[in-house]
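Heavy atoms only: backbone and side chains are in, while hydrogens, waters and symmetry mates are out.
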Amino acid sequence: MVIYEGIFFDDEVAELIYSLDEKKLDELIKNIHCTFKFRPQYQEIFDDIVGKEFTVLLIGYGNDGANSGFQIQLPEELHPYYINYENNNPQIWKVPHITSSIAYGAKPINTKNLTFKALDKPIRIKGRFGYWVKDEMGEHISFKPWKKSY
């Protein structure tokens, strides 16, 4: 079962992101990614771009003591695939972002609520589109940037 889909970043990019996090919180996020859709329906699965590499820009940083992360700018070609909308208003995108660290007890989902301060200059990073999946027992098994999930 696909839990979420998005752009996943390798260890080298994760290390860069951690190094840019001005005030790291208690827990560094594993599997650094930008969620495009949480619990996508079958018709929201985008196998046509799975495994493809994309360049995005880190454009802002935010930290409220519970969540720390970066606002990102997606290239135009990814806009049709980014279907991460506000729950109470499906016309408004959630801010595209990467959670880098959280305080104990905090939830990464709340990074979208941060006030992001613009970086001095955008930073280019590359990642691949893929899925975070669970097996039938509910265990996270891996993200699959190269295989169909259904």
Mind checking the [atom1]-[atom2] spacing from [X] to [Y]? Nearest 0.5 Å is all I need.
X: Glu12; Y: Ile125; atom1: CD; atom2: CD1; result: 11.5 Å
X: Asp11; Y: Lys30; atom1: CG; atom2: NZ; result: 12.0 Å
X: His97; Y: Asn113; atom1: NE2; atom2: CG; result: 8.5 Å
X: Gln73; Y: Ile123; atom1: CD; atom2: CD1; result: 13.0 Å
X: Ile83; Y: Lys37; atom1: CD1; atom2: NZ; result: 5.5 Å

Would you say [X] and [Y] are hydrophobically clustered, going by side-chain heavy atoms of ILVMFWY under 4.5 Å?
X: Ile7; Y: Phe116; answer: no
X: Ile59; Y: Phe9; answer: no
X: Ile72; Y: Ile32; answer: yes
X: Ile3; Y: Ile109; answer: no
X: Phe38; Y: Val95; answer: no

Would you call [X] and [Y] a side-chain contact if the rule is heavy atoms closer than 4.5 Å?
X: Glu77; Y: Phe54; value: yes
X: Val56; Y: Cys34; value: no
X: Glu5; Y: Tyr131; value: yes
X: Lys24; Y: Tyr18; value: yes
X: Arg128; Y: Lys52; value: no
X: Ile98; Y: Leu58; value: yes

Whether the side chain of [X] engages the backbone of [Y] through a donor-acceptor N/O pair (distance < 3.5 Å, no angle test) should be reported.
X: His33; Y: Asn31; result: yes
X: Asn67; Y: Thr99; result: no
X: Glu44; Y: Gln41; result: yes
X: Asp64; Y: Leu114; result: no
X: Ser101; Y: Leu28; result: no
X: Asn84; Y: Lys94; result: no

* Asked: So Phe8 and Tyr4, would you call those rings parallel, tilted or perpendicular, with 30° and 60° as cut-offs?
  ->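 The rings of Phe8 and Tyr4 lie parallel, inter-plane angle below 30°.
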* Look at the aromatic rings of Phe36 and Tyr82 and report parallel, tilted or perpendicular, splitting at 30° and 60°. =>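 Perpendicular.
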* To do: May I ask you to check whether over 12 heavy atoms, not counting those of Asp48, lie within 6.0 Å of atom CG?
  =>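 Counting neighbours around CG of Asp48, more than 12 heavy atoms of other residues, nucleotides or ligands fall under 6.0 Å, so yes.
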Show the nearest heavy-atom pair for residues [X] and [Y], with the distance to one decimal.
X: Phe129; Y: Ile49; result: CB-O, 3.4 Å
X: Lys23; Y: Ser68; result: O-OG, 4.5 Å
X: Ala66; Y: Ala106; result: O-CB, 3.3 Å
X: Pro108; Y: Ile29; result: CG-CD1, 4.0 Å
X: Arg124; Y: Leu57; result: CG-CD2, 3.4 Å
X: Ala103; Y: Asp26; result: CA-OD2, 3.5 Å

* Asked: Checking side-chain contact (heavy atoms from CB on, under 4.5 Å) for the pair Leu74/His79: CA distance, chi angles, key distance, verdict?
  -> CA-CA 7 Å; Leu74 300 171; His79 288 190; 4.1 Å; yes
* To do: Establish, from distance only, whether the side-chain atoms of Asp21 and Ser100 form a donor-acceptor pair under 3.5 Å.
  =>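 A pair is found: one side chain offers a donor N or O, the other an acceptor, under 3.5 Å apart.
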* Begin with the C-alpha distance, continue with both residues' side-chain angles, and end with the deciding distance and a verdict on ring-ring contact (aromatic ring centres under 6.0 Å, His included) for Phe46 and Tyr81. => CA-CA 7 Å; Phe46 301 118; Tyr81 299 97; 4.9 Å; yes
